[in-house]
Amino acid sequence: MFRTHLCGKISEKNLDTEVTLSGWVHRRRDHGGLTFVDLRDREGIIQIVFNPQLSESVHQQAHALRSEYVIQVTGKVARRPKETENLNIPTGKVEVLAEALTILNRAKTPPFLIEDEEDISDALRLQYRYLDLRRPAVQQIFIRRHKLSQAIRQFLNDHQFLELETPSLTKSTPEGARDFLVPSRLNPGNFYALPQSPQLFKQILMVSGFDRYYQIVRCFRDEDLRADRQPEFTQIDLEMSFIEMDDILSLMEEMILRVFSEVCDRKLPSPFPRMTYAEAVSRFGTDKPDTRFGLELVDLSELASRCDFKVFRSIVSKGGVVNGLNAKNLARLSRKEIENLTNEAIQRGAKGLAWMKVTEDGLEAPITKFFSAAQLNEIKTTLEGEPGDLLLFVADKTQVVHDVLGTLRLSLAKKLNLIDEKVFNPLWVTDFPLFEYDAAAKRYTAIHHPFTSPMDEDLPFLKSEPLKVRAKAYDLVVNGVELGGGSIRIHQEEIQSQVFSLLGIAKEEAAEKFGFLLEALQYGAPPHGGMAFGFDRMVALLSGVESIREVIPFPKTQKGICLMTSAPSDVDARQLKELHIKKERIL
RNA sequence: GGGGUCGUAGUUCAGUUGGUUAGAACGCCGGCCUGUCACGCCGGAGGUCGCGAGUUCGACUCUCGUCGGCCCCGCCA
């Protein structure tokens, strides 16, 4: 038997009992006469004392111990002498007096210390991920990840959802992200695709009558990586029949409330506020607003159209907009610092950044001369300017203005320390447009996906003004992070055909690409809808880390490489031959 | 595909205007030490300055290229 207890679980309850522990040597403090070893396992750390008075030979053995050796120790649990208690660790009131020691395995000196605070480069951590994962703080993240998935499963099980599996080797579809392809040996020249999500399958499961489905499932997208994007990631995927939007929003809200409270003891405001897409974009410049702070965008187009500042006036007359943002207390910024803000704006696509400082005497800036006293006062009032504030303005096409000020808003909030890291601000964003217009391709594209149902009252606009049609789609945004999204699906073939034709997908093409779904919808599809959450993002949010790499056991670098295994790699010529694949360098 | 940033001992980092022997801390190795817990003290080893080319009498330092990590744009529910 390797052990009777876990290191971190030893307490005063075990006093005077003999225990056997197995674990890693966290640290050794060799005093010559007396040697202390901190023994670590998943549950924590316990101090082992090697005393020559207890056993000369075991004390001698302990001299050979080194960091990360795997050992087994047997001894009595004893209360520590009063003045030597260590209240920094949970087991700090007791220690184990070693009577026997077995070195189960030696260890090379690790490339970095197995310590929570160690500041190690990402590259090294990922190369030696197994050592990185040994760090207690890192393990906590994965324990939390486990608890979260269990809590979600339990909630969904309690609500009559069935966990059903969908294929990982499936069919490539044209919409959305780039597919990862898998060559088929049995079908020369043909490829499977790894699923971007189980979207089509879960709808078909509804047609089959399973009523409620869920899966915590791996998804794949072959796009460039970001801090919050990995080529393979995990979704909480679910779908329900005979429900409307409000049914699903309230159930999902209940789920989030419950699991956040169970896993991290976090209480969220309830009910979650709701905001339309239009409102989110006009107030925050984005469809995933961080509502933990103000700095909202204010539309000044009307005022701009009647001022003497040519830049503003001409942009408005050409159909653009002018928005302002009050950067509280930033009038102290130097010209250089304002220039930095301007550069940030320009990087985001603005032509420039106009500004005014609010002083006791009113607004001050080179451009104030283009405005009447009344107009200046109006600007100040509208933006709620108080002395010491800096007012920023961007004039451009609507999307550019929103994009620039939305980004600036976030970076200013960081700069001004306006974000309370302890707060979770959930928000439902609803009433998304169904389509957007792709000017380059001269066609409409689906904002969510092509199976999203239009709102009933907007159906008349499908033919006349497609951009006016709103979707039965919804996103859950927390602190500016899009945690999940979903929609009520189209279950009627006629509407689906109309949408396809607007998307420029010909009947034959639609039939070829996802004919199986279209056909299924004709055999009595129930009204249905669903949602998918980014599970990695959820764990990251609950763990307070920026990158989802931190919450994925074996993540890939920005170039899509696994530094531990060196995947992807070259393969044997024979393997390629079997797959009917020939490599050719395309220059 | 593009922009930014970083790369020096096992690790984290410093390194002056381009100057001769590249430093610190931690870690590692050896010794001493019976109440430490980031133990302490003494001593020691450890470097292709990411790689390649160029400029120069001389390059860690300047230039160009290249490789890799990270952040972002494009791309992406």
Side-chain angles (χ1 to χ4, degrees), chain A residues 26-40 45-54 59 63 66-68 78 80-89 91-92 95 97 108-128 131 175-179 196-197 199 219-231 233 235 237 287-288 343-344 346-349 403 407 410-411 429 432 440 445-449 452 473-477 481-487 531-534 537 546-547 549 555-559 561 563 566:
Chain A
H26 187 65
R27 212 182 290 281
R28 181 185 63 127
R29 292 177 294 280
D30 188 345
H31 288 229
L34 203 58
T35 297
F36 300 96
V37 165
D38 293 337
L39 191 63
R40 187 191 69 235
I45 287 174
I46 178 86
Q47 173 164 281
I48 314 291
V49 186
F50 293 92
N51 191 330
Q53 283 168 2
L54 196 62
H59 175 257
H63 192 67
R66 294 293 181 273
S67 286
E68 300 310 311
R80 290 196 190 190
K82 201 82 198 152
E83 62 283 5
T84 68
E85 287 180 353
N86 181 358
L87 299 179
N88 296 320
I89 58 173
T91 61
E95 58 193 7
L97 309 177
K108 285 169 72 174
T109 301
F112 50 83
L113 262 70
I114 311 302
E115 273 287 325
D116 284 347
E117 311 80 33
E118 280 305 287
D119 182 20
I120 318 150
S121 75
D122 286 30
L124 199 70
R125 289 179 59 192
L126 292 183
Q127 186 188 343
Y128 296 96
L131 297 179
E175 294 285 320
R178 193 177 295 113
D179 284 323
Q196 296 180 23
S197 81
Q199 182 60 40
C219 301
F220 305 86
R221 288 172 195 164
D222 187 9
E223 297 294 347
D224 286 9
L225 285 73
R226 289 284 189 282
D228 62 350
R229 267 160 44 188
Q230 282 273 305
F233 59 99
Q235 271 190 357
D237 190 53
D287 60 359
K288 43 174 183 167
N343 287 337
E344 214 173 304
I346 287 169
Q347 259 176 8
R348 263 286 170 172
D403 207 32
T407 308
L410 289 176
S411 71
V429 180
F432 284 82
T445 56
I447 285 188
H448 190 61
H449 59 57
T452 304
Y474 34 85
D475 276 1
L476 178 64
V477 176
V481 175
E482 185 202 316
L483 264 201
S487 62
M531 185 149 185
F533 293 91
R537 286 182 186 177
E546 293 291 327
S547 169
R549 277 190 310 275
K556 294 179 175 57
T557 68
Q558 195 156 48
K559 283 230 164 76
I561 290 167
L563 290 178
S566 306

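In what follows, chains carry the letters A, B, and so on, assigned in the order in which the sequence lines appear, proteins first and then strands, with residues in each chain numbered from 1. Excluded from the calculations below are hydrogen atoms, water molecules and symmetry mates; all remaining heavy atoms, backbone and side chain alike, are included.
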Sugar-phosphate, base or nothing in reach of A:Arg80, heavy atoms under 4.0 Å:
base

5' priority, RNA chain B, between A:Arg29 and A:Ala177 [closest heavy atom]:
A:Arg29

With heavy atoms under 4.0 Å as the rule, sort A:Asp224 into base, sugar-phosphate or nothing.
base

Which nucleotide, B:C71, B:C28, B:U34, lies nearest any side-chain atom of A:Ser67?
B:C28

At 4.0 Å (heavy atoms only), tell me whether A:Arg229 reaches a base, stays on the sugar-phosphate, or touches nothing.
base

Can you list everything that forms a ring-ring contact (aromatic ring centres under 6.0 Å, His included) with A:His449? Sequence neighbours excluded, please.
A:Phe451

Run through A:Glu95, A:Gln47, A:Arg80 and flag the one making a side chain to side chain contact (heavy atoms under 4.5 Å, CB included) with A:Asn86.
A:Arg80

For atom C1', what is the distance between B:U16 and B:C60, given to the nearest Å?
13 Å

Rounded to the nearest Å, what distance is computed from the CG atom of residue A:Leu225 to the C1' atom of nucleotide B:G74?
14 Å

Does A:Thr557 place a side-chain N or O at less than 4.0 Å from the phosphate oxygens OP1/OP2 of B:G69?
yes

Under 3.5 Å, is there any donor-acceptor pair linking the side chain of A:Glu95 to the base of B:G35?
yes

Have a look at A:Glu68 and tell me which of A:His26, A:Lys108, A:Arg40 forms a side-chain hydrogen bond (donor to acceptor under 3.5 Å, both in side chains) with it.
A:Arg40

Kindly indicate whether the side chain of A:Arg226 and the base of B:G74 share any N or O donor-acceptor pair separated by less than 3.5 Å?
yes

Partner of B:C70 by Watson-Crick or G-U wobble geometry, both contacts under 3.5 Å, or none?
B:G4

Using only atom types and a distance under 3.5 Å, with no angle test, would you say the side chain of A:Ser547 pairs donor to acceptor with the backbone of A:Ala227?
yes

Describe the nucleic acid contact of A:Asn86 in one word from base, sugar-phosphate, nothing, applying a heavy-atom distance below 4.0 Å.
base

Rounded distance in Å - NZ (A:Lys559) to P (B:U66)
11 Å

How long is the line joining NE2 of A:His449 and C1' of B:C76, in whole Å?
15 Å

What I'd like to find out is whether the side chain of A:Pro231 reaches to under 4.5 Å of the side chain of A:Leu225, using heavy atoms alone.
yes

Reckon A:Arg125 has a side-chain N or O less than 4.0 Å from the OP1 or OP2 of B:U12?
no

A:Ile346 atom CD1 is separated from B:G3 atom C1', nearest whole Å, by 15 Å

